[in-house]
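Each chain gets a letter, A, B and so on, in the order its sequence line appears, and its residues count up from 1.
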Amino acid sequence: MQENRLSLSFYKAFDTLSLAQRLIGCELVHESADGITSGMIVETEAYLSDDPACHAFNRRTIRTEPMYGTAGTSYVYLIYGMYQCFNVVSNREGIGEAVLIRALEPLKGISLMEMRRQLIPGKSGDKIRTKTLKLNELCRGPGNLARAMGIERSLHNNLSLAGQPLYINNRVSETIEIEASTRIGINVGKELPYRFIVRNSPFVSKL
DNA sequence: GGATAGATTTTCT
DNA sequence: GAAAATCTATCCG
């Protein structure tokens with residue numbers, strides 16, 4: 001049962017901006033040892049090689065090496081010391097571009113996501129969350145999404161999304177309305193309309 | 001509801 | 001040594 005899984009040829013078929021839009025409405029799946037979690041992608045951002053906000057804008061480094069790999073590779077990095085962000089590498093080898101996945105509408109393994117989100121990252125071990133989260137808070141924002149899905153840089157950086165345990169299924173619905181806007185949380189290139197969301201979705205990280 | 005400050009560490013200058 | 005594709009708690013209205 002993987003006829004819906006996106007193949008490497010799919011990732012190669014689009015430029016980064018097109019892929020960022022094509023991935024909206026697709027289902028991100030993680031088959032972990034703890035169980036399966038998945039969610040529909042409702043928010044993405046494109047990072048291009050000629051874009052000052054892109055990690056690969058300046059120089060090719062160890063950290064950004066996966067971005068220069070083949071399309072359909074994962075790029076997971078640590079931000080602000082405690083949160084991980086999950087990206088889909090795009091464009092052909094040698095060009096450092098990627099699509100940041102920013103929010104999901106949870107589909108499978110929701111109770112497992114809730115368990116993972118109970119733990120808040122901290123210096124001396126994780127802290128326990130006291131209040132319960134709503135469904136639309138589980139995968140809201142790249143850091144939260146990675147945590148709910150159990151995605152870690154040490155395990156999931158630089159993997160092929162055509163294999164296991166992390167992959168993406170094609171759109172379930174074609175009746176999705178996509179809206180473009182500017183990106184979140186950056187200081188340069190903030191005027192570029194490289195963010196894509198499902199219109200009127202309550203699951204996006206920010207209006 | 002919105003604004004602000006603090007956490008925390010890898011990476012690059 | 002500063003910045004970073006973030007999130008949460010806390011304050012205030």
**Study point:** Close aromatic pair by centroid cut-off 6.0 Å: A:F86 and A:H156
**Key:** no
Practice item. Determine whether the side chains of A:T70 and A:T73 contain a donor N or O and an acceptor N or O closer than 3.5 Å. Key: no
Check your understanding: Are there more than 12 heavy atoms of other residues, nucleotides or ligands under 6.0 Å from atom CZ of A:R92?
Key -> no
Check your understanding: Nearest-Å distance, NZ (A:K190) to P (C:dT6)?
Key -> 12 Å
Review point. Is A:R117 touching bases, backbone alone, or none of the nucleic acid, heavy atoms closer than 4.0 Å?
Key: sugar-phosphate
Review point. Would you say C:dA5 has OP1 or OP2 under 4.0 Å from some side-chain N or O of A:N187?
Key: no
Practice item. Would you mind classifying the nucleic acid contact of A:L100 as base, sugar-phosphate or nothing, using non-hydrogen atoms under 4.0 angstrom? Key: base
Using the 3.5 Å cut-off, write out each protein N or O paired with an N or O of nucleotides 11-13 of chain B and the distance between them.
| residue | atom | partner | partner atom | Å |
| --- | --- | --- | --- | --- |
| B:dT11 | OP1 | A:R153 | NH1 | 3.1 |
| B:dC12 | OP1 | A:T61 | OG1 | 2.3 |

Exercise for review: Check every strand shown and say whether A:N87 touches a base, only sugar-phosphate, or nothing at a heavy-atom separation below 4.0 Å.
Suggested key: base
Practice item. Compute whether any side-chain donor of one residue and acceptor of the other, for A:E97 and A:S90, lie under 3.5 angstrom apart. Key: no
Review point. Please give, in whole Å, the distance from C:dA9 P to A:R129 CZ?
Key: 6 Å
Check your understanding: Can you tell me if A:E43 and A:S205 form a side-chain donor-acceptor pair at under 3.5 Å?
Key -> yes
Practice item. Take the protein atom CG of A:L119 and the nucleotide atom C1' of B:dA7, then report the distance between them rounded to whole Å. Key: 17 Å
Review point. Distance-only, no hydrogens or angles: does the A:S74 side chain make a donor-acceptor pair with backbone N or O of A:L159 under 3.5 Å?
Key: yes
Revision key, fill the gap. When rounded to whole Å, the OH to C1' distance for the pair A:Y80 and C:dA3 reads 8 Å
Review point. Do A:R117 and A:E137 meet the salt-bridge criterion of a basic N to acidic O distance under 4.0 Å?
Key: no
Check your understanding: Would you say C:dT6 has OP1 or OP2 under 4.0 Å from some side-chain N or O of A:R140?
Key -> no
Check your understanding: For DNA chain C, which ranges pair as stems of 3 or more consecutive Watson-Crick or G-U pairs, with both donor-acceptor distances under 3.5 Å?
Key -> B:1-7 with C:6-12, B:9-12 with C:1-4
**Study point:** Separation of B:dG6 C1' from A:Y83 OH (nearest whole Å)
**Key:** 11 Å
